[in-house]
Amino acid sequence: MIGIIDYGAGNLNSISKAFEHLGFKIEIIKENNDLNRYEALVLPGVGAFYSAMQKLKKNNLVSFINDFVQTGRPLLGVCLGMQLLFEWGFEDKKTRGLNLLKGDVVKIKAGLKIPHMGWNDLEILQNDILFNNLRTNPHFYFVHSYKLMDVTDDVIAVTEYGDQIPAVIRRDNIIGFQFHPEKSGENGLELLKNFGELI
Amino acid sequence: MINILKKRIIPCLDIKDGRVVKGINFLDLVDAGDPVVSARRYNEMGADELVFLDITATKEKRKTLIGLVQKVAKEVFIPLTVGGGIKSISEMNQILRAGADKISVNSAAVKNPSLVSEGARTFGSQCIVGAVDAALQKNNKKGWDVYINGGSKKTALTLVKWVKELEELGAGEILLTSMNRDGTKEGFDIDMLKAVTNAVNIPVIASGGAGSIEDFIDVFTMTDVDAALAASIFHFGEVDMGELKQRLAKNNIPVRIQESSDCNE
C-alpha cells in the first residue's frame, strides 16, 4: 500500500486517483501512523513551503517521514513535496525543510513569467528505471515559482526555463518530481507506475 | 534550444447541472453531454488542459459539480480549471480537493478582490485564475472596459489597470475574453491581448474569437500569450486538435504533440 501524506488544502485527489488508476492501493495519512503499513510514501505538492512544514511538524509527520526513509522503502516528493526534501526553503520566509537531501529552494529567476506554468521537456542527465517506457519526446506539466537552486549530484533530469531547473531528483530511495506526473497525461502515469515498481 | 515551454491549447466546456451544454459534436460519441466522456475525448485528442465553466444557478446543484470534478479527476490526468460563480474560500477548497487544479474567478473577484488574495494565500497563486471579460471602450475606443455578470454589466474598471491589480492580489494566471470577438470567429483580439501581456508578468490565456487554425497561429506569433482557449470550434469539430498542433509546430510555435496512440499497448 502507498501512503499519501495530507498536509493541508489543495488537490490531493489527483495523485491518489492516478495511483488507483494504475492499480495501487492507497491510503491518506493525516498524522503520525504505523509506518509498517506502507510500502511507499508520497509527499504531494500543494500549498507553500513554510505552511507545509508547519503542518508536517504539528502532525508529527517529520519524524514519521524520517523514520520511513530509514527503512529504505521509496519516498516520492511531488512539486512542493519534492522541494520539502531539501535543507532550506525561501518561500515567504527562510524555513528549514526535511533536510533529507543537500540543497536550497529559491525563487525562479526574475524576468520570466512566474509561475513556470505549462508543459515542458525533460533533459535526462542520468538514466534511471524511473524513465522506462516513456514515449518519444515526452512533456510534463510544471506549475511552480520556486526551484532547487543548483543542479546537484542528486538531480537526474532537468528542464529549461530561463536557466536549468532540476526536474527529477533521486538519491537511493528518495525520489522527487518538480512537475506534476498526475497531470502529465500518459507519460506522467508511466513515471508513477515506474515509481510503484520500486516497491 | 530544445527546452521551451509549450503553448497550451485549452478547450472550454460549459457545464449546467453536471452536463455539458451548448452541445458537443464528437462524431463517434453516443453521449457528448457527459462531461467525463468529453474530458476523456479531449485528453485523447491532445488538449493540454481543460476548463469547466459551471453555469448552474443554484447552490444545491453545486454538489453535482463537486461530484463531476471527482469523476473527471478519476480518469483524466491533465490540468483542470473550474470556474463560474465561485464566491468563497470554502467553495474553492471543496472543488480543489475534488480534483480541480485551478479555480477561475471573474465577477466575484471584482465584487470582492480579497477573494483572490485570500485564495492565493491559502492555495497558492498557481491555483487562482483571474478571468476577465472586456470590451473596447464605446466612447474613445482607446482602451477596454471590464464587464461582469457574464458580460451583462459594465464596471468602472479599465482592463489594464484591473489585470495589474489581479496580479498584485496574487492571481497566477489571467484568462482574458474579448467580448467584441467572442462568438464571431474573426480571430483573437490581438491588440487587447498585447496590452495585457505587456502589463503583467503572469501567464495569459487568450479567449474569444477563434475561428480557424490561422487564428491560433496569429495569436501565438503576434502576441506573448501562453495559451489559447476555445469552445465551439472544438466541440463541433471545425478545428481538429491534432491538425492544429501539427500546423502550429510547422510554424515554429512550440507545442506539445500528443504521443502516438497508434500502438496497442
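A note on names: the letters A, B, ... follow the listed sequences, proteins ahead of strands, and every chain is numbered from 1. From a predicted model like this one, the values you see are computed outputs, not experimental measurements.
Per-residue counts of heavy-atom pairs under 4.5 Å with chain B were compared for His21(A), Glu20(A), Met117(A), Glu91(A); the largest is that of Met117(A).
At most 12 non-hydrogen atoms from other residues, nucleotides or ligands lie less than 6.0 angstrom from CG of Asp153(A).
Side-chain atoms of Asn66(A) come within 3.5 Å of backbone atoms of Val62(A) as a donor-acceptor pair (strictly under, hydrogens ignored).
Contact of Gln70(B) with chain A is made through backbone and side chain together, with heavy-atom distances under 4.5 Å. Contacts between Ala18(A) and chain B at a heavy-atom distance below 4.5 Å involve backbone atoms as well as side-chain atoms. If you measure heavy-atom distances from Leu80(A) to chain B, you find no contacts under 4.5 Å at all. Contacts between Val255(B) and chain A at a heavy-atom distance below 4.5 Å involve the backbone alone (N, CA, C, O).
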Worksheet entry | Evaluation steps, salt bridge (charged side-chain N to carboxylate O under 4.0 Å, His left out), between Asp48(B) and Arg8(B) | CA-CA 6 Å; Asp48(B) 297 306; Arg8(B) 289 171 278 152; over 6 Å; no
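Under 3.5 Å, the side chains of Asn33(A) and Tyr38(A) contain a donor-acceptor pair of N or O atoms. Side-chain polar atoms of Gln126(B) and Glu173(B) form no donor-acceptor pair below 3.5 angstrom.
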